[in-house]
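Sequential numbering from 1 along the given sequence is applied to the chain's residues. What you see below is based on every heavy atom in this structure, not just the backbone, and it leaves out hydrogens, waters and symmetry mates.
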Amino acid sequence: MAANYAKRDANRSGSRENIAFIRQMLAELRKVAEKEKADMLCYLIEMAYVEAGDLHARM
């Protein structure tokens, strides 16, 4: 039983790290999109960035 909880916590930790990584990559992509003056792309990336932050906070 304890092994199941440990496994679940490890999976949650890995998922949390993955979401943090995605969020970090989105921030980098936004910088590139801004340099290209791609306003709609900036907006969409920002929305994904916010969503990733929300997911990260709930984990």
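If you take CG on Leu29 and CD1 on Ile22, they are separated by 11.5 Å, rounding to the nearest 0.5 Å.
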For residues 32-41, tabulate all N or O donor-acceptor pairs below 3.5 Å that involve a side-chain atom, not counting sequence neighbours.
none

Without placing hydrogens or testing angles, list every side-chain donor-acceptor pair under 3.5 Å for residues 47-59, not counting sequence neighbours.
from  : atom 1 : to    : atom 2 : distance (Å)
Tyr49 : OH     : Arg23 : NH2    : 3.3

